[in-house]
Amino acid sequence: MVSNDDNLSYCSIISVYDGTDEALTALTDDGVDELRQMLAHARRTADEWNDFLEAFVDDEELIARIKAKFPR
């Protein structure tokens with residue numbers, strides 16, 4: 001189980017280790033539900049969506065492309 005700073009609850013993200021140095025990190029079902037709720041909340045207004053993008057996306061070009069398509 002992974003603790004994170006992305007506003008998802010503890011245990012919403014898990015890492016699975018297969019005995020090697022590799023691990024797979026994924027959302028649990030609860031994590032998917034929380035992410036859906038975060039996105040729905042963020043998409044209520046253009047300002048909230050832009051604030052969400054600035055806080056969570058670390059790629060200025062991607063942010064610009066997404067902002068150009070809002071609202072859907």
Quiz item: Within the side chain of R43, is there an N or O that forms a donor-acceptor pair under 3.5 Å with the backbone of A40?
Solution: no
Practice problem: May I have the step-by-step check of side-chain contact (heavy atoms from CB on, under 4.5 Å) for D30 and V32, ending in yes or no? | Solution: CA-CA 5 Å; D30 289 340; V32 171; over 6 Å; no
Quiz item: Between E54 and K67, is there a side-chain N and carboxylate O pair less than 4.0 Å apart?
Solution: yes
Practice problem: Apply side-chain contact (heavy atoms from CB on, under 4.5 Å) to the pair T25 and I14, showing each step before the final yes or no. | Solution: CA-CA 6 Å; T25 302; I14 59 171; over 6 Å; no
So do the side chains of [X] and [Y] get within less than 4.5 Å of each other, counting heavy atoms only?
| X | Y | value |
| --- | --- | --- |
| L24 | Y17 | no |
| F52 | L39 | yes |
| R44 | W49 | no |

Self-check item: Contact summary for L53 and I63, nearest pair of heavy atoms
Solution: O-CD1, 3.7 Å
Quiz prompt | Residue pair T28 / S12, side-chain donor-acceptor N/O under 3.5 Å | solution = no
Exercise. Establish, from distance only, whether the side-chain atoms of D18 and T20 form a donor-acceptor pair under 3.5 Å.
Key: yes
Quiz item: Crowded around D29 CG? As in, over 12 foreign heavy atoms under 6.0 Å?
Solution: no
